[in-house]
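Below is one structure, written out as structure tokens; comments come after it.
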Amino acid sequence: WGLISFLCAFEMTSRLVFAVPISASNSMKEASKRSVVLYRDCLKSLPLIVKQHELKYTVAEARTMLKHVFRHHSNIKNPALLDVMVFKGYQDLEESIKVWNQRVHLERILESTPGSAALAK
């Protein structure tokens with residue numbers, strides 16, 4: 001069963017390939033679109049991440065907490081800063097899918113905003 005579950009996990013993670021933008025956004029509108037795409041990619045991969053890392057949250061709770069994390073940073077008006085945050089977001093997403101980080105790291109990200117910290121308790 002170990003090899004079969006590994007192959008199933010590999011097949012699931014190999015389908016979750018994301019195109020990470022490497023060029024700078026020309027406008028705030030373009031940077032905002034990239035952040036929305038990142039948010040959707042995170043939502044798509046949350047069931048796998050919750051299962052792989054055995055998080056103490058359900059998928060619905062994790063989605064709500066992730067929404068709070070993105071809403072917390074919605075006041076950023078600098079496209080260059082937003083581009084950096086999107087790039088780092090994709091980096092964290094890739095590390096989470098490939099199980100390169102630990103459960104504590106994910107829980108800290110999800111609980112990093114006041115709204116999501118209240119949900120965690």
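Every heavy atom of this structure was used, including side-chain atoms; hydrogens, water molecules and symmetry mates were not.
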TODO: Any chance you could measure M65, atom CE, to L55, atom CG, to the nearest 0.5 Å?
DONE: 9.5 Å

- [ ] Drop me the distance from K56's NZ to E107's CD, to the nearest 0.5 angstrom.
- [x] 4.5 Å

Task: Rounded distance [0.5 Å steps], CG in L81 versus OG in S25 - done: 11.5 Å

Task: Within-4.5 Å side-chain heavy-atom neighbours: L43 and Y39 - done: yes

Task: Sub-4.5 Å side-chain heavy-atom contact between R63 and P47 - done: yes

TODO: Check V50 against A62 and note the closest heavy-atom contact, atom names and distance.
DONE: CG2-CB, 4.1 Å

Open item on the list: Once rounded to the nearest 0.5 Å, what's the spacing between atom CD of E95 and atom CG of N101?
Closed with: 6.0 Å

Task: Heavy-atom side-chain proximity of L38 to F70 below 4.5 angstrom - done: yes

- [ ] Kindly say whether I49 contributes a backbone atom to a donor-acceptor pair with the side chain of Q52 at under 3.5 angstrom?
- [x] no

Task: 4.5 Å side-chain heavy-atom contact, D92 and H105 - done: yes

Open item on the list: Keeping S32 on the side-chain end and K29 on the backbone end, is there a donor-acceptor pair under 3.5 Å?
Closed with: no

- [ ] Examine distances only and state if a side-chain atom of E30 and a backbone atom of N26 form a donor-acceptor pair shorter than 3.5 Å.
- [x] yes

Task: Distance, nearest 0.5 Å, that separates NZ of K44 from CG of L46 - done: 12.5 Å

- [ ] Specify the closest pair of heavy atoms between H72 and N75, including all atoms of both residues, with the distance to one decimal.
- [x] O-OD1, 3.7 Å

TODO: Without swapping roles, check the side chain of H53 against the backbone of Q102 for a donor-acceptor pair under 3.5 Å.
DONE: no

Open item on the list: Would you say that N78 contacts L82 through its side chain, given a criterion of any heavy-atom pair below 4.5 Å between the two side chains?
Closed with: no

Open item on the list: As an exercise, state the distance from NE2 of H73 to NE2 of H68, rounded to the nearest 0.5 Å.
Closed with: 13.0 Å

Open item on the list: If hydrophobic clusters are built from ILVMFWY residues whose side chains come within less than 4.5 Å, do M85 and L93 share one?
Closed with: no

TODO: Could you tell me whether the side chain of V59 reaches within less than 4.5 Å of the side chain of K51, counting heavy atoms only?
DONE: no

